[in-house]
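Have a look at the structure below before the remarks.
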Amino acid sequence: TLFNALTNASTLVEDKLFSPLDTRTRLWTLQGGPRVLLSDTVGFIRDLPPRLVASFHATLEEVTQADLLLHVADASHPQAKEQIHAVETQLQELGCSQKPLLLLNKIDRFRDRAEREILAKGHPDAIPLSARTGEGLEDMESRLGEILLRRLEDVEVEIPLSEGKL
């Protein structure tokens, strides 16, 4: 749902394991104009057997090569804290623990605002949002834009006229 909301795609949305199986990548234009490639990969599963982890090697490889990871957690899930920890542990094992930005999705499902605040206090840098209602998406885009713009470098390149194809 979040992928579709951000990229104006209409990819299938299902609440089941291994959906999607293939990584999907679309162009996403952030507020202010920067364009980035956004990829949606299969989710992490706690206590996945090592031989199954091997079958997701390509997905995990994309994670290690990404400039920034959006860790989308279902904030309304009863085991959200445990799920977040499981993903953080796996990212640490992959050497990607400095890349993720935690997104606490589905905040519209909280009946009690106190529950939402407790989860947010445990993750003060996380961005609460709802892909379904759009709440928090502007804040997320703004923060992502700031993060990505800090990573840009001005470079000066001289290309000989004989290399016009470049």
Side-chain angles (χ1 to χ4, degrees), residues 1-14 18-46 48 50 52-75 83-107 120 122-166:
T1 304
L2 181 59
F3 184 79
N4 287 340
L6 299 176
T7 64
N8 295 318
S10 57
T11 58
L12 178 65
V13 175
E14 294 180 296
F18 307 117
S19 179
L21 275 174
D22 297 322
T23 299
R24 298 177 284 211
T25 302
R26 299 282 188 284
L27 191 63
W28 175 27
T29 304
L30 295 167
Q31 294 173 355
R35 297 181 331 165
V36 298
L37 292 175
L38 182 66
S39 295
D40 183 15
T41 64
V42 67
F44 284 85
I45 299 172
R46 199 171 21 162
L48 193 63
L52 278 180
V53 171
S55 67
F56 292 107
H57 181 73
T59 295
L60 297 176
E61 183 67 25
E62 288 191 31
V63 167
T64 63
Q65 293 180 12
D67 291 320
L68 178 66
L69 299 174
L70 301 179
H71 172 188
V72 183
D74 179 349
Q83 291 176 345
I84 291 167
H85 178 72
V87 172
E88 288 172 346
T89 299
Q90 185 66 54
L91 290 175
Q92 195 166 21
E93 289 175 14
L94 292 168
C96 301
S97 60
Q98 299 305 314
K99 291 184 180 183
L101 176 61
L102 180 60
L103 306 178
L104 299 174
N105 193 22
K106 301 185 182 180
I107 59 169
H123 303 280
D125 292 332
I127 300 173
L129 59 91
S130 169
R132 189 175 62 80
T133 67
E135 181 183 354
L137 291 183
E138 263 188 46
D139 182 41
M140 180 202 63
E141 282 196 45
S142 176
R143 292 243 326 255
L144 284 175
E146 290 170 13
I147 291 168
L148 293 172
L149 285 175
R150 275 187 262 143
R151 294 179 179 198
L152 292 179
E153 292 182 37
D154 285 330
V155 295
E156 190 171 312
V157 179
E158 289 187 32
I159 302 173
L161 289 175
S162 61
E163 298 296 325
K165 286 184 179 181
L166 288 176

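Both backbone and side-chain heavy atoms feed into the values below; hydrogens, waters and symmetry mates do not.
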Counting C-beta onward and ignoring hydrogens, is there a side-chain heavy-atom pair between [X] and [Y] closer than 4.5 Å?
{"X": "Leu38", "Y": "Leu70", "value": "yes"}
{"X": "Glu141", "Y": "Leu6", "value": "yes"}
{"X": "Leu2", "Y": "Leu129", "value": "yes"}

Which of these passes side chain to side chain contact (heavy atoms under 4.5 Å, CB included) with His71: Ile84, Leu104, Leu103, Leu101?
->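 The option that passes is Ile84.
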Least distance between heavy atoms, [X] atom then [Y] atom:
{"X": "Leu69", "Y": "Cys96", "answer": "CD1-CB, 4.2 Å"}
{"X": "Ala131", "Y": "Ala5", "answer": "O-CB, 4.2 Å"}
{"X": "Trp28", "Y": "Thr7", "answer": "CB-CG2, 4.1 Å"}

Within this structure, what is the [atom1]-[atom2] distance for the pair [X] and [Y], rounded to the nearest 0.5 Å?
{"X": "Asp67", "Y": "Ile147", "atom1": "CG", "atom2": "CD1", "answer": "12.0 Å"}
{"X": "Asp74", "Y": "Ile107", "atom1": "CG", "atom2": "CD1", "answer": "12.0 Å"}
{"X": "Glu146", "Y": "Leu30", "atom1": "CD", "atom2": "CG", "answer": "11.5 Å"}

So does Arg151 have more than 12 non-hydrogen atoms from other groups sitting under 6.0 Å from CZ?
->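 It does: Arg151 CZ has more than 12 such atoms within range.
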Salt bridge (charged side-chain N to carboxylate O under 4.0 Å, His left out) partners of Glu138, counting only residues at least two apart = none
Pair listing, side-chain hydrogen bond (donor to acceptor under 3.5 Å, both in side chains) test, anchored in residues 124-137, at least two apart | Asp108-Ser130, Asp108-Arg132, Arg116-Glu135, Ser130-Thr133
Looking only at atom types and distance, does a side-chain atom of Asp139 sit under 3.5 Å from a main-chain N or O of Ile127, one as donor and one as acceptor?
-> no
Please collect all salt bridge (charged side-chain N to carboxylate O under 4.0 Å, His left out) contacts where either partner lies in residues 155-166, sequence neighbours excluded, each pair once.
->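 Residue pairs passing salt bridge (charged side-chain N to carboxylate O under 4.0 Å, His left out), neighbours aside: none found.
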